Structures are given as C-alpha cells and as structure tokens.
Visitor: 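The following block contains the structure, expressed as structure tokens.
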Number of protein chains: 2
Amino acid sequence: MSASPVEQQRQDPAPYARPGGFPVVGVVGGGQLARMMQPAAVALGLRLRVLAEGPDVAAAQVVTPAPIGAADDLDALVAFARECDAVTFDHEHVPGEGLRAMAELTSVQPGADALVHAQDKIVMREKLTELGIPCPRWARVADRAAVEAFGSWPVVLKTPRGGYDGKGVLVLSGPDDEGWATADAWLADWADRGGLLAEEHVPFTRELAALVARSPSGQAAAWPVVETVQRDGVCHEVTAPAPDLAPELAATLTDVALRIAGGLGVTGVLAVEVFEVERDTPDGPVKDVLVNELAMRPHNSGHWSIEGSVTSQFENHLRAVLDLPLGSTEPRAPWTVMVNVLGPKVIEERHEDLYRSYLHVMAHDPGVKVHLYGKEQRPGRKLGHVTVYGDDLDTVRARARHAAAFIAGEIDE
Amino acid sequence: MSASPVEQQRQDPAPYARPGGFPVVGVVGGGQLARMMQPAAVALGLRLRVLAEGPDVAAAQVVTPAPIGAADDLDALVAFARECDAVTFDHEHVPGEGLRAMAELTSVQPGADALVHAQDKIVMREKLTELGIPCPRWARVADRAAVEAFGSWPVVLKTPRGGYDGKGVLVLSGPDDEGWATADAWLADWADRGGLLAEEHVPFTRELAALVARSPSGQAAAWPVVETVQRDGVCHEVTAPAPDLAPELAATLTDVALRIAGGLGVTGVLAVEVFEVERDTPDGPVKDVLVNELAMRPHNSGHWSIEGSVTSQFENHLRAVLDLPLGSTEPRAPWTVMVNVLGPKVIEERHEDLYRSYLHVMAHDPGVKVHLYGKEQRPGRKLGHVTVYGDDLDTVRARARHAAAFIAGEIDE
C-alpha cells in the first residue's frame, strides 16, 4: 500500500521548496478566523495566503498575498490551491466539487468527506447517530405533516445547509405558530433536496463547547471544556473552563468530541457545541450533554485560547493542517473569559470611531486583551472580542464584560 | 501654549480618517522586530506598514503594504511618512536629517532628539553622565596617546556610531595588543568626527537588562529586570526575572531605566543593558550596576514578554508610539526563558530545512513556543528564538536550550 500524501509529507518535507522549507498555508475565506491565524503563522515562520472575498476583508488587511475569489468559484479555488502546500478554511461554505478539485492539487484539511458533516446538518445527524453520539431527537421532514408527526412541541426546524449564527433556524411552538409562513416556504424550497431537519427543542441548563484539534496522522489534543452564552443566536461570552462542571461530565464531553473528530476524519480544529441537560433518574437528577452543532475550523468558543492556553486554537489548527505535532492545550490561568464585541443595534456617530474607545478601556484596565478585526460596524456583527484572565471568576468576567460593552458603545464609562 | 501634536491627537483622534479610526503605524526597517510587531497590530486592529530593505525581508513577508526603501533614502522616508499616522523603527540607523523630515509630516516616535542617544555612544555617555546615571569610566579619545593615557588596561574601544551585536567594539589588553592595527585604523577614520569612545573593561558578574515603555504624554511601564547571556557578542539567552537579584538592586535598575527614558525623552520601548558588578566596601562586597548600551525599540532582551508578560514589548511599543495607555507588564509565569536560534557556524545541507526540525521539537516538547523570522541562514545570524515558561527554572532553561539548539542544528536529538 502506498503512503498517503500526508504520510509522504511527514517522511519527506522536500516537496516544500520554499526558503528554509517553510510551507505556504492557504486559507479559503478572509474573515476574522483567517485573520487570527496570521499571528500564529508569523511566529512559526509559516507563509499564510488567503483567498479573500474582497480587498479589504479582515484577513486581507494583514496577510499578503490575498488574491480575490469567491468560495464557490472553481477556477479561483484551483488557482489558489496550486500556490499552496496545504489549504484550509475560514468557513464551511466551499462546495464539495471545489474541495475535491483542490485535493487533486494539494493537501486539503479538513477534506471533503469530513467537511460535509459541518456543511449538511442532516448528514451530520445521521453520522453522529451511527457513531452513538448523544443528539437531540431528530428527523428528516419533507412536509408539514412530517413536522406535526414529529411529536412534542416546540420543534426546531433547520435548513440542512447555509445556516450560521442562528440563521436558517426556526422554533415552532405548535401547529398555529406564526413562523409557519417561513417554515412552509423552507419546506417547499427543500422538498426536492431531501427536506429539512426537525429537532426537539432541548430545555438545556446551559450551553457548553468542546474544542479539539486533530492531525491527519491521528494525533489529537483537547482544550478544557468551556461554557458559552449566546445573544440573539450569536456567541457572546465564553468562560474557560466551564464553571461548576463535574469532571466526569467534562471527560464525557471531551470523549464525545474526540470520537467525533476521529469518526468523521476531521483534521484541524473541531468545535462541538452541546446542550447541557438535566435528566430525572430514579437516583435523582443527572446532567448530560446533547450535541447541537459542529464547526471544523477555529471557532468563536476557542478565542479565549489565544491568551488562555499554552497553544491557541489558531496555532494548533495550522500545526494540525500541516501534520506537525500538536502543542499543549493546557490553560494558562485559573479562569479566562472572552466576550465578543458585537456591532451596536444603532450605530451612533460618536461610536463610529472604535479606536477612540481604546483610550478609556486601556487606561481603565491595563490587563484586558483587545482584539478587533478591522471590520466595518453593522448591528450585531462580530467586530472583535476581549479576553481577560485571572484567579477570580467574578472579577475576570466583570472586567471582560465592561471592556467589550464599552468598545461596543453599550456603556459610557 | 498650544498643544503638542501628540496632545492634540490624544484629545481628538479625528486626524485618523481610516475605517473605525484605526491609525496606520509605519515601521522603518523590515527586520524581525518589525515582523514581531505584526501580531500585536493584528490584535489591536492597527494597520502596520513597513519601509523594507527588500521585498523578502522578515517583516515584508507578513506585513502589507511594505514599500521598498533604504533607511537613509530621504525621498523614501518622506513618501513613507506621508502615508503613516505615526512612524517608528526596527533599528536606530535613520539619519537625523531623515528623522526631522518625517517629523514635519507625521508623529515620529522616538524623535530625533531622543534617538541620537541610541545612535551615538559618545552623546549617550555625555548625557547619562549629566543625569548622574552610573556608567563605566569613559573618555573620548582622538589618538593612541589618549587611549594609553586613559589608564587601566584592558580598555574597550567603540566606534560612536554604526556598531551593533558586538561589531564596532574592540578590547585592547595593553599597548602591545595585536588589535592595535584595527584600533589605529578606527582612530584615523574617526579623527575628524570627534574620535572614539574609550571605556574601562568592566569585570562584571553578569549582564542584566531593564526594559521599559514610555509614551509621549509621559506614562511609563517597566517589565521585570532580566538576566542576559551573550555569545560572541550576540544576545543568546534571557531569563525573566533575573535569578537571585536582590529586590533593591532590581528597583535601582528599574529606576535607572525610567530616569533614562524620561531624561532622554524616549518614546516607545527602551532597553537598558547593564553590567552587574561587585564592589568591595568596608561593609563587605556590594552589587551595583553600570549602564552598557541603550536601544530605543523592542529589543532581544524583551522577546520573552510575548508569552511571558501580560503585555508584550511589541504591543506596548505600538501603544506607546500611538500615545495609548500602556498595558500591564506583569509576568505570567514564575520563570520565562528565551534562547535565540543562531545560524550555525557551518550550514550543513541537512540543516537547510529548518522547518524539518519542527517535527522533533514539537513532538519532544508540546509547551515550547517557537518563533522563526523567515530569514535565510547565515553563520551567527539571528534566525529566531524559542521561549519556555514554567515553575522550575532549571527545567524551563533546559527545555528552551534544547529546542533552540536542535532547531539551530547544534544537537541531533
């Protein structure tokens, strides 16, 4: 049996003809995730390259070269892949055809067979169920009758593809919910594409996320499980490690994430977002987890790792993509809290100048770590995040919330 | 009295017409120091721009745009300054004329009046003596007679300008030293430019460095004093904080650095390299410090701060240059050790591929932080550095030394 391209690469780095042997890693998509790979690439001497949506997207401001091309433009993907020793992603929106075309030219991590599980929620549910991973009760539904037959209300309807940050998700409280206008349209739209995903509405106690990195040769590393808080369907606050989480449940969740990474053949970072639920048992209430979503790339729930862990998710993603040994995922502080800076609902003129907020925020707290992504403000848009770490969770959380709210213009002092 | 440009800027960030108000910081020189400013700029959303010596120097690989221009090319400096909201430096080699021309167009930090003390060692000695800062005994010497009249041997001769990393420095053991051939040539060369600097050869117990950042409005912050070890005149190993340093002497040295920063009007990072000496007194031996060199920019003795401190020297340099409030300089671990990766004396073919060393180094120690600068190998050249932190100094130091030596090809396992 001949060695896989990745095994060959590991045995013989010679294919990299760059000075010093340093490979070029291409990232399809120029958002903040690609942008935050750049500091890790700078440190390791890797050459980053971004296929950007436009000349001034977040990553194109700080990575050179950044050719322009859409994620579904086959010619652009092929030309990009030819110039990269490995290709990875800022998002999951590259069609399978593009993934396969690039894979004929270079190492693509994660590959199409893994990525499909982050692209199609029904494929994901089928595979996780096959692997015995705990999921919310779910069904494929092709029409209204199937939704009503699903049973318990409320029911969550999801488009299998194209959703993110709460988009493509609808909660129906019952047969008379006014959301049925949208639901009917979605059902019609997806009727000849396999239908929609229906899921039980899980009465969760909180949301958690498990972040792991896995390399093509199978090495894996897991960061501590975190608690995530959403606001309007968008990740807003992450606490690492998740407070008051029983070690057994943390171990269960980490095991779930590693089984998913291995079972789906994920390479790079995998984020597993789960619901923490409480079940009544004869022995009393027991906490458990149900997998909600998967992301196969650095994820908002892992931004805390830039300062909070020995190796950030961005560095380990690059190491995994190149099949380098992974770095330590040990936390660097007892508590690390990340809070997103979201574009304010109303962008007042005095807050157009985000930079001005630095004068107050930095003077107020010399220990806060600010990350802004170079993006123009739009209501609810992820403009950046702040991270604070320390020994006392309440203090750390208050500091991070204050800085993020001040930068976002939600508070004045 | 009208506000200085910097004060105006602080009161009113409006001059920055960039999206979100984020300023463009220009760095003259594209070496590893400019390169390592990029991760800090990426996080803060600042736009970095580099005036690079060539298209593929260390910083030009990771900063865009990076126009090409020499540090003594007045036209290039002026064109560069026009596109920047603030200009700072990767080195101290921009002539005064260029500094003044740029200062008419934008904020230049540090300014010519401060920078001259890092450019001219005689000007530096005169000013430090005036400020009452402890220095080795020194004299300006114009001819051989003056060197011999200086007194105690050995004597250290230095060219006032143009020296770095041990270059431009000569130690003469006595009137018959064979180094006199070079010394006579230097004396002749500098005779009509004010002569050379002669200094006593200090029998130091070790070398220390104090790193501070100072902003135009006068805020200053100091990192812990570090111990530095040179190899062939080049910084090789840095331990933070300096082991076995009496708190009183650390405070004295920090005070010396802050007095120099204030007295010379330094803005940005200032590194003060000193000799630790032991003097005999009636009460027994007493440790003291004598200032050796100054650098007005991020410095090799501060690379440990990337992982080892809440705010790295690169982030605080940018914050100081923009007159933003400075970040915390608190250490993040009991011990942090940085070891330089220096180009091997003989570059064997098998070590041409530096990247290959990652397979071993990263597998051997998942906690080591590797930084390589994208530079081609030359014997003795600073190619990168590694940083390790932890609770036990001996372990931390052994880990850092092993990783650096392996990457540099000095050891095989």
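Every value quoted in this text rests on a predicted model; they were computed, and no experiment measured them. Each chain gets a letter, A, B and so on, in the order the sequences are listed, and its residues count up from 1. Below, each value reflects all heavy atoms present in this structure, side chains not excepted, and no hydrogens, waters or symmetry copies.
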Visitor: Only pairs of heavy atoms separated by less than 4.5 Å count here; which of Ala60(A), Ala333(A), Ala363(A) has the most with chain B?
Guide: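 Ranked by contacts with chain B, first place is Ala363(A).
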
Visitor: Compare all side-chain heavy atoms of Thr311(B) with those of Met362(A) and state whether any distance is below 4.5 angstrom.
Guide: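 Heavy-atom side-chain distance check fails, nothing below 4.5 Å.
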
Visitor: Which atoms of Arg319(B) come close to chain A, meaning under 4.5 Å heavy atom to heavy atom: side chain ones, backbone ones, both, or neither?
Guide: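 Side chain only.
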
Visitor: Out of Val361(A), Leu372(A), Leu326(A), which one racks up the most heavy-atom pairs below 4.5 Å with chain B?
Guide: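 Looking at each of Val361(A), Leu372(A), Leu326(A) in turn, Leu372(A) comes out on top.
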
Visitor: A side-chain contact here means heavy atoms from C-beta on lying under 4.5 Å apart; do Val62(B) and Thr64(A) qualify?
Guide: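 Answer no - side chains too far apart.
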
Visitor: So which heavy atom on Pro39(A) is nearest to which on Pro39(B), and how close?
Guide: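 So the two residues come closest at CB-CB, 3.7 Å.
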
Visitor: Answer yes or no: is there a donor N or O on one side and an acceptor on the other, between the side chain of Arg35(A) and the main chain of Ala43(B), under 3.5 Å?
Guide: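 Flag not set: sc Arg35(A) to bb Ala43(B) has no pair under 3.5 Å.
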
Visitor: Where does Val370(A) contact chain B at under 4.5 Å (heavy atoms): side chain, backbone, both or neither?
Guide: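 When you check distances to chain B, atoms from both the backbone and side chain of Val370(A) fall under 4.5 Å.
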
Visitor: Any side-chain heavy atom of Leu324(B) within less than 4.5 Å of one from Tyr355(A)?
Guide: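 Yes; the side chains approach each other to less than 4.5 Å.
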
Visitor: Does a side-chain N-to-carboxylate-O contact under 4.0 Å join Glu315(A) and Lys369(B)?
Guide: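 A salt bridge is present here (some side-chain N lies under 4.0 Å from a carboxylate O).
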
Visitor: Among Gly327(A), Ala221(A), Ala66(A), single out the residue with the greatest number of heavy-atom pairs under 4.5 Å to chain B.
Guide: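 The answer is Gly327(A).
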
Visitor: Could you check which of His385(B), Gln38(B), Lys375(B) has the highest count of heavy-atom pairs closer than 4.5 Å to chain A?
Guide: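 Maximum pair count with chain A is reached by Gln38(B).
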
Visitor: Between Gln61(A) and chain B, which part of the residue has a heavy atom less than 4.5 Å away: side chain, backbone, both or neither?
Guide: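 Looking at Gln61(A), backbone and side chain both touch chain B.
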
Visitor: Checking Tyr358(B) against chain A: side chain, backbone, both or neither under 4.5 Å from a heavy atom?
Guide: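 Contact with chain A: backbone and side chain both.
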
Visitor: Are any non-hydrogen side-chain atoms of Val310(A) and Tyr389(B) less than 4.5 angstrom apart?
Guide: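 Yes - at least one pair of side-chain heavy atoms lies under 4.5 Å apart.
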
